[in-house]
Every structure is written in structure tokens, then in C-alpha cells.
Amino acid sequence: MTHRTDATSQTSARAQRAPSPPAADPRTLAEVQRAIIAWFADAARDLPWRRPGTTPWGVLVSEVMSQQTPMSRVAPRWSAWMAAWPAPADLAAASPAEVLLAWDSLGYPRRALRLQECARTVARDWGGELPRDEAALLALPGVGAYTAAAVASFAYGRRTAVLDVNVRRVLGRVFAGRAHPSAALSKAEARWAGALVPERAHVEFNAGAMELGALVCTSRSPACERCPVAVHCAWLAAGRPADPAAQQKRAQAWEGTDRQLRGAIMRVLREAHASEAGSGAAGTGAAGSAPAGSSDAPGGASTGVPEALLTAPTAQLDAEALDGLPNPVRAAVLRVRELGDGERVQRLAGDLVSDGLAVRGTAGELCLP
DNA sequence: AACACGGGGGT
DNA sequence: ACCCCAGTGTT
């Protein structure tokens, strides 16, 4: 299957510093563009935000949810989210707790907070309508180079280069013969990618290049036999050489990390909030449908958990209070205690508060904001 | 430029 | 077990 890299490794190692411009004649360029557009017309997945009638705001929401997140996980959440908050003003009016509850376990919950900040900015500064200008989009919270370009292209039909990891991989393989894109997107890379976007059907080209990278030209096991541009692909022609530079990126740890423990604490807060707000339908992580109406914590009623239950030494733990917790909350609390000692939990809880993902109540409880 | 930041599913 | 995912913001 994979081919040895011996004969070519010297020359390919040389070429990886500079993002080589598309070493292709205009005829090849046009052919690649046409092939991707034609392939996309047939192979495009039926994603909810590709349905007619999706607003620019809906496109933005789908892009933010999709950051570092497979779309199979995004689709159901997007539908529930847009049903609850169709327009920026709707999201702006929600409480952060509702927003984090609806985000559920999509990951990187700060994205949810930024998306709401974004909605509030749009409501306040843009009359509730997303700006069309890419630079203005880029200035919004949670919107970086990729998302600004994606919205400009997919929502507003602007001719701009949309460079996510999929597109970078496809272009890098076809034109530069490189198996994997570098860690960071360079200016030069963006420049020649921009030159590649066709004048006509650029939306279809952008979406198609992403789709091709997601479905065929995948990172791990590309299906070159199904690839519409295989005949033009420099990487395939070279025998699909491994990438010498991509070796030593350390496998990302998960067990025992702060991220894992933070996530467990966030789950406690979601479960606690859900079990108190609507005792009706609160399942494990199933934020599900409409986060209806109120987040009003009447008086001083806590919608969180006593922080001591997360941090106290086992000997001093109030076992009775722990037993009194609703099942999903107790399970989440036990998980936190299994993952980290009290000191670490306390430190990370403080981080969460600093990040705006949690608040401390007057009675020593930790809650969603 | 290098890190931190979730979580789940594919191989 | 390891890899990857429609990235962004901070240091």
C-alpha cells in the first residue's frame, strides 16, 4: 500500500519550506477546477445548512460548530440550535447557561460563548444582520480567517479562497506533491490558493474542494481510485510518498490532561443546571431541544453544585449531600473526583470562572454562568 | 511559532 | 491505542 520514500525524500524535503506555487499550466488548472465542481454536483452530502433558505447567520453557526469538529456530530446540534435561536438577536437574548447547555458536549465550549458574543455584536453593531464584508466578519468574536472566508463564500457568494485543512491537503497533494499541509497557513499559501479559485462557480469549487478532502482525499486513507483529479495529482504520481516532516508531531494526549478534567467539570455543571431547570427531560448530556425561556435563578436558589463536593478530601466529603444529588449529577461528580485531586479541580474551576464558563455563587456553589 | 482548548468516532 | 476533525485566541 504505502510506498517507500527513499528515492524522492531528498528532493521533497528540500521543497517543503517554500509553498511552491501551483506548478501547473493554465489548462491543467482549469481542468482541476472543472473536475472538482462536477464531482461536487454529484457527491455533495445532504447537510442541513445546505438546504435552501439557510440564512447567512445559519451558515456562520454551522461554521463555528464545525471548527475542529466532524460534521456528523454538528448536524443534529445545528438543527436544534437554529430552531431555538434563528437569528442573532435570539441568541443574544439567551443566558450563557442556556447556550452552554445547548452546546452540550460538542467540545471547546468557549466557542459557544464566543458565538453568543458574536450574536450580541451583530445585534448591537450591525442591526442584527451579519456583515457581508470579509474584513468585518473577521473582526467578530470567534471568527478567524477560515470562518470569515467560508461565510463570505457560502453565505454571500464572494469569490475568496476558503482554506481549511481539507482544502490545504487537496491542493498540497495535487500541486505540490506533499502528503500533509504544514501546521500553520502561510501568506504565500493563501496567495496561490486564492489564485486557484475560479471566476465562475467559485462557491461550488470551494465547497467541492472541502468535500473532496473530507470524503476522498482524507488524511489517513485517501481513496485515490475515486478521486476526480487523480490524473493531475503530483502526490499520487510520485507514489504517495510519506511526509518526512510530519513524523514527530507528538500524539495528543488525553488521559490525565487538564482538558479532560475541565470537560468533566463542565459536564457536572450542565447536568446540575439541567436537572434543576427542567426536571422533566434531563438526560445525560441530552440538552436536546428548545432551551425554553427562563434561566431565572429565583432568589438565591443554586443551579450548580457545591464546589466542596468536587474538591474536598474524601474523608471530609459530605456523603449525604452527594447521595442527595440526582443520578446524572452524581455520576458526573464522581467522574471528576476520579480524574483529579481536589487541588487540581479547584485550580481548573478557577480557570473556568476566568474563562467565563462558570461562576461561583455566594453559597460556595459552582454553576453555569 | 507554539500552546491551550473537548470529545467522539474511525482504523 | 492512535489519529483526526470545515480553527481561534493567547503567549
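Note: hydrogens, waters and symmetry copies are ignored here, and every other heavy atom, side chains too, is used. Keep in mind that what you see is a predicted model, and the values were worked out from it rather than measured. All chains are named by letter (A, B, ...) in the order of the sequence lines, taking the proteins before the strands, and each is independently numbered beginning at 1.
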Check your understanding: In whole Å, what is the span from the CE atom of A/Met71 to the C1' atom of C/dC5?
Key -> 11 Å

Check your understanding: In the strands shown, is B/dG6 matched to any nucleotide by a Watson-Crick or G-U wobble pair with both distances under 3.5 Å, and which?
Key -> none

Review point. How long is the line joining CH2 of A/Trp254 and C1' of C/dC3, in whole Å?
Key: 15 Å

**Study point:** Test: A/Glu134 and A/Arg158 ion pair at under 4.0 Å
**Key:** no

Exercise for review: Using heavy atoms to find the nearest nucleotide of DNA chain B for A/Ser221 and A/Gln67 separately, return the residue whose nucleotide is more 5′.
Suggested key: A/Gln67

Practice item. May I have the distance from A/Trp78 (atom CH2) to C/dA6 (atom C1'), rounded to whole angstrom? Key: 15 Å

Exercise for review: Is it possible for you to say whether A/Val353 and A/Leu348 belong to one hydrophobic cluster, with membership spreading through side-chain heavy-atom contacts below 4.5 Å?
Suggested key: yes

Exercise for review: Report yes or no: is there a donor-acceptor pair, N or O only, under 3.5 Å between the side chain of A/Thr69 and the base of C/dG7?
Suggested key: no

**Study point:** Side-chain donor or acceptor of A/Arg337 paired with backbone N/O of A/Ala312 under 3.5 Å
**Key:** yes

Practice item. Determine which pairs satisfy salt bridge (charged side-chain N to carboxylate O under 4.0 Å, His left out) with at least one residue from residues 211-223 of chain A, sequence neighbours left out, and list them in order. Key: A/Arg45-A/Glu211, A/Arg50-A/Glu211

Study note, to complete from the structure: By salt bridge (Lys or Arg N to Asp or Glu O under 4.0 Å), A/Glu338 pairs with (sequence neighbours left out) A/Arg335

Check your understanding: Any side-chain N or O of A/Ser62 less than 4.0 Å from the OP1 or OP2 oxygen of C/dA6?
Key -> no

Exercise for review: Rounded to the nearest angstrom, tell me the gap between atom CG in A/Leu185 and atom P in B/dA1.
Suggested key: 11 Å

Review point. Rounded to the Å, how far apart are A/Met266 CE and B/dG8 P?
Key: 14 Å

Practice item. Take atom P in C/dT11 and the same atom in B/dG6, then report the distance between them in whole Å. Key: 15 Å

Review point. If you take atom types as modelled and just measure distance, does the side chain of A/Arg111 reach the base of C/dG7 with a donor-acceptor pair under 3.5 Å?
Key: no

Check your understanding: A/Pro70 or A/Thr147: which one's nearest nucleotide on DNA chain C is closer to the 5' end?
Key -> A/Pro70

Practice item. Could you check how far CE of A/Met65 sits from P of B/dG8, rounded to whole Å? Key: 15 Å

Review point. Are A/Glu117 and A/Arg120 ion-paired here, with the side-chain N under 4.0 Å from a carboxylate O?
Key: no

Practice item. Report yes or no: does A/Gln260 contribute a side-chain atom to a donor-acceptor pair with the main-chain N or O of A/Gly256 at less than 3.5 Å? Key: yes

Revision key, fill the gap. By nearest-nucleotide position on DNA chain B, the 5'-leaning member of A/Ala264 and A/Arg220 is A/Ala264

Check your understanding: Quick one: do the A/Thr28 and A/Asp25 side chains pair a donor with an acceptor below 3.5 Å?
Key -> yes

Point to revise | Distance in angstrom units between A/Tyr146 OH and C/dC5 C1', rounded | key: 12 Å

Exercise for review: Using whole Å, report how far CD of A/Gln260 lies from P of B/dG8.
Suggested key: 11 Å

Check your understanding: With a non-hydrogen cut-off below 4.0 angstrom, is A/Ala184 in contact with a base, only sugar-phosphate, or nothing?
Key -> nothing

Review point. Backbone N or O of A/Gln346 within a donor-acceptor pair of the A/Glu307 side chain at under 3.5 Å?
Key: no

Check your understanding: A/Arg73 has a side chain; which of B/dG7, C/dC5, C/dA6 sits nearest to it?
Key -> B/dG7

Check your understanding: Are the side chain of A/Trp78 and the backbone of A/Gly58 linked by a donor-acceptor contact shorter than 3.5 Å?
Key -> yes

**Study point:** Contact summary for A/Arg77 and A/Arg73, nearest pair of heavy atoms
**Key:** NH1-O, 3.9 Å

Point to revise | Heavy atoms of other groups near A/Asp323 CG, more than 12 under 6.0 Å | key: yes

Practice item. Test A/Arg169 against A/Trp235 for side chain to side chain contact (heavy atoms under 4.5 Å, CB included), laying out the working first. Key: CA-CA 11 Å; A/Arg169 186 173 52 247; A/Trp235 183 62; over 6 Å; no

**Study point:** N or O in side chain of A/Arg267 less than 4.0 angstrom from B/dG8 OP1/OP2
**Key:** yes

Practice item. For DNA chain C, find the residues of residues 36-52 of chain A with a heavy-atom distance under 4.0 Å and give them by number; none if there aren't any. Key: A/Arg45, A/Leu47, A/Trp49, A/Arg50

Review point. What do you reckon, is CD of A/Glu343 surrounded by more than 12 foreign heavy atoms closer than 6.0 Å?
Key: no

Check your understanding: Which residues in residues 332-347 of chain A have at least one heavy atom lying under 4.0 Å from any atom of DNA chain B?
Key -> none

Point to revise | Shortest non-hydrogen contact between A/Pro56 and A/Leu130, atoms and distance | key: O-CD2, 3.6 Å

Review item, nucleotides 9-11 of chain C N/O atoms under 3.5 Å of protein N/O:
residue, atom, partner, partner atom, Å
C/dG9, OP1, A/Gly142, N, 2.7

Check nucleotides 3-5 of chain B for protein N or O atoms closer than 3.5 Å to its own N or O atoms and list the pairs.
residue, atom, partner, partner atom, Å
B/dC5, O4', A/Arg110, NH2, 3.0
B/dC5, N3, A/Tyr108, OH, 3.4

Check your understanding: Using a cut-off of 4.0 Å on non-hydrogen atoms, how would the nucleic acid contact of A/Val64 be classed: base, sugar-phosphate, or nothing?
Key -> nothing

Practice item. Provide the distance between the two P atoms, one in C/dA6 and one in B/dA4, to the nearest whole Å. Key: 23 Å

